[in-house]
Amino acid sequence: MEQDYILLQELTRRVQGAANIEAYREAMAALTQALQFDYFALAHHVDPRTAGEHTVHLHNYPAHWADYYARHALGICDPVHRASHFAPGGFPWARIGDYIDLTARDLHMLRLGASQGVGDGFTIPIRLEGEMPGSCTFAMRPGRPLDSAWLAFAEIAGRFAFDGARRLMGRQELRLPMLGRILTRCQRECLLWAFRGKSDWEISQILKVTEGTVKRHILNACARYRVNKRIMLLAPTLLDGTFSITEIYGYRDTSFGT
Amino acid sequence: MLHIHDASQFMVGPDAGDRPSPEGPLLRAMFAARKSVFVDLLKWDVPVLAGRYEVDQFDNPSAQYLILSDRDGAHLASARLLPTVHPHILGSFYTSLCEQAPPQGPDIFEITRFCLDRRLRASERRQARDSLICALVDHGLAQDVREYVAIAELNWLSQILAFGWECHPLGLPQMIDGRMLGAISIHIDAATPDRLAAAGIRPSRSLHIAALPAA
């Protein structure tokens with residue numbers, strides 16, 4: 001079947017401009033069908049039952065599968081979601097293994113999904129600063145193979161569609177409230193060494209301050225992010241860019257000028 | 001501070017500092033920041049002058065620059081606008097990203113080299129980015145720009161959409177030199193500032209906006 005770019009573009013515009021959730025679902029179903037897929041799913045990778053209403057969670061999966069998925073909070077451990085955190089762009093599910101090691105539990109979940117009506121799929125990662133990671137997935141009924149001719153448009157349409165959903169939810173409301181706190185230089189320094197595995201005493205020796213000072217800086221950093229344990233600072237400070245992975249795991253001692 | 005630099009008024013390039021232009025040092029700082037971001041960090045295969053400045057054939061008198069600097073004149077963020085009635089990147093090299101002919105007209109400009117200084121911390125970076133987006137819209141409205149076009153890597157594309165302005169795809173994305181690229185159109189009108197504000201994009205209070213006189 002010949003791709004009709006103008007038609008796909010028009011369907012994408014309808015998704016972008018949908019006035020409410022019902023119109024959005026309808027437009028998204030039409031776009032999904034035009035892209036030769038059976039299902040769509042746009043989601044922030046959270047447990048929707050605890051994340052509250054300010055999260056994107058829209059799909060047309062079979063109801064019994066969606067119920068099972070929600071009951072077991074699979075959104076936060078779904079191998080498709082985990083792979084999307086590493087994939088550079090849209091990927092067919094056959095390539096999940098390129099990005100993460102599939103556990104027995106993952107394989108079980110994918111098989112279970114197939115038995116409940118969701119076969120192969122194509123997932124587009126959505127990573128936005130200040131928000132939980134998300135994705136837009138287009139999926140097939142079991143037995144229907146992905147047609148690679150449609151994936152390029154799916155890749156771009158999925159991104160516009162996700163933004164359309166964000167607009168409906170209120171883009172600003174989606175921002176994680178605890179992110180983007182600003183730490184003092186000393187707080188940041190102490191925390192960085194703590195994340196590198198140093199004890200408060202070790203940090204005090206490295207930074208040439210007292211152990212009490214180290215403790216105080218770290219407690220104050222916890223207070224700024226409103227958490228009560230230092231380990232709880234790791235995820236938000238990585239997510240908001242206060243620290244980078246390489247800063248924590250890839251460091252070398254440069255104090256001797258080497 | 002926002003500096004709007006219309007290159008038709010000045011000699012452009014890293015040598016511009018030799019001329020009696022008040023913006024020479026700032027332009028040099030921008031070309032150096034572009035080298036640091038696009039060549040050193042993103043590994044783009046683009047020309048480098050004197051080992052320090054990223055300058056290409058589109059840095060010519062028809063280019064316009066929006067540059068955000070701090071009070072001491074250090075580069076924070078910048079973008080280059082190319083008129084689509086002159087040779088520009090989408091029309092010259094990436095027409096395959098457009099399903100139809102690339103948009104062209106006196107009121108259509110291409111946003112290129114959107115550059116956030118690498119020295120900024122995450123929070124400052126976000127402020128500089130949001131301020132530059134607002135500046136692009138304000139500048140567009142002041143200059144009767146109806147549409148911006150841009151080429152973006154798809155991951156960055158999602159972030160561009162998140163600014164809240166009205167965007168549409170111009171064609172199918174393609175893998176080019178190992179990067180998945182797409183072309184988009186950004187519609188600019190009187191409602192655009194409100195759309196940005198509704199998405200939480202507003203200029204930083206600490207970055208005062210003042211255009212330098214163009215002479």
Side-chain angles (χ1 to χ4, degrees), chain A residues 3-6 8-10 12-13 16-17 84 87-91 124-131 133-136 149-167 170-175 179-183 185 188 236-244, chain B residues 41-42 96-100 116 118 120-130 133 151-187 191 194-202 204 206:
Chain A
Q3 284 183 62
D4 184 342
Y5 181 84
I6 303 298
L8 290 172
Q9 194 180 36
E10 178 51 38
T12 307
R13 277 185 189 240
Q16 279 179 279
S84 80
F91 60 95
I124 301 118
I126 308 285
R127 286 182 287 257
L128 294 171
E129 165 272 313
E131 279 179 30
S135 57
C136 174
W150 303 88
L151 299 187
F153 198 94
E155 168 109 37
I156 202 153
R159 292 173 192 277
F160 281 88
F162 198 91
D163 191 63
R166 291 180 68 255
R167 182 181 59 80
R171 290 187 177 93
Q172 288 200 72
E173 308 293 333
L174 300 171
R175 206 174 171 78
L179 296 188
R181 308 285 161 177
I182 295 176
L183 301 181
R185 197 177 54 79
R188 193 179 185 285
T237 53
L238 280 174
L239 207 54
D240 70 13
T242 300
F243 295 110
S244 71
Chain B
L41 180 68
L42 299 176
S96 65
L97 292 176
C98 297
E99 195 65 20
Q100 291 156 336
L116 301 173
R118 285 177 72 183
L120 297 173
R121 297 192 308 178
S123 55
E124 300 166 334
R125 218 179 135 71
R126 193 167 55 241
Q127 288 177 1
R129 182 199 70 190
D130 293 358
I133 294 295
I151 300 169
E153 261 191 83
L154 289 195
N155 287 329
W156 171 229
L157 172 68
S158 292
Q159 186 67 63
I160 294 174
L161 302 182
F163 296 144
W165 44 15
E166 184 188 337
C167 301
H168 299 288
L170 288 170
L172 292 177
Q174 286 173 16
M175 187 66 93
I176 296 173
D177 297 332
R179 298 187 293 144
M180 194 69 167
L181 300 179
I184 56 163
S185 142
I186 302 165
H187 180 76
D194 288 342
R195 294 180 65 122
L196 296 185
I201 305 298
R202 43 182 80 86
S204 166
S206 56

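Model, not experiment: these values are computed from the prediction. Side-chain atoms are counted along with the backbone in the values below, which use heavy atoms only and exclude waters and symmetry mates. Below, chains carry the letters A, B, ... as their sequence lines are ordered, and counting in each starts from 1.
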Query - Nearest-0.5 Å distance, CD of residue B/Q100 to CD1 of residue A/I6 - result: 4.5 Å
Query raised in the report: Is A/E129 close to B/R129 at the side-chain level, that is, under 4.5 Å between some pair of heavy atoms?
Result: yes
**Report entry** Rounded distance (nearest 0.5 Å) linking atom CG of B/L172 with atom CG of A/L151
**Finding:** 11.0 Å
Query - Per-residue contact mode, A/I182 against chain B (heavy atom under 4.5 angstrom) - result: side chain
Query raised in the report: For chain A, which of B/C167, B/G164, B/P169, B/P173 has the most heavy-atom pairs under 4.5 Å?
Result: B/P169
Query - Which of B/M175, B/Q159, B/R125, B/H168 touches chain A most, by non-hydrogen pairs under 4.5 Å - result: B/H168
Report task. Can you tell which part of B/I160 gets under 4.5 Å to a heavy atom of chain A, answering side chain, backbone, both or neither? Result -> neither
Requested in this report: Measure the shortest side-chain to side-chain distance between A/R159 and B/N155 over non-hydrogen atoms and say whether it is less than 4.5 angstrom.
Outcome: yes
Requested in this report: Output the option from A/R166, A/Q9, A/R13 having the highest count of non-hydrogen pairs under 4.5 Å with chain B.
Outcome: A/R13
Report task. Looking only at non-hydrogen atoms, find the nearest pair between A/R171 and B/A162 and report the distance. Result -> CD-O, 3.6 Å
Requested in this report: May I ask you to name which of A/E173, A/E131, A/E155 has the most heavy-atom pairs under 4.5 Å with chain B?
Outcome: A/E155
Query raised in the report: Where on B/R126 is there a heavy atom nearer than 4.5 Å to chain A: the side chain, the backbone, both, or neither?
Result: side chain
Requested in this report: Let me know if B/I184 has heavy atoms under 4.5 Å from chain A in its side chain, its backbone, both or neither.
Outcome: side chain
Report summary line: If one checks every heavy atom of B/A152 against chain A at 4.5 Å, the contacting part turns out to be neither
Report task. Measure from the side-chain N and O atoms of B/Q174 to the backbone N and O of A/A152, and report whether any donor-acceptor pair falls under 3.5 Å. Result -> no
Query - Close side-chain approach of A/D163 and B/S158, heavy atoms under 4.5 Å - result: no
Query - Under 3.5 Å: donor-acceptor pair, side chain of B/E99, backbone of A/Y5 - result: no
Query raised in the report: Side chain, backbone, both or neither: which part of B/L157 has an atom under 4.5 Å from a heavy atom of chain A?
Result: side chain
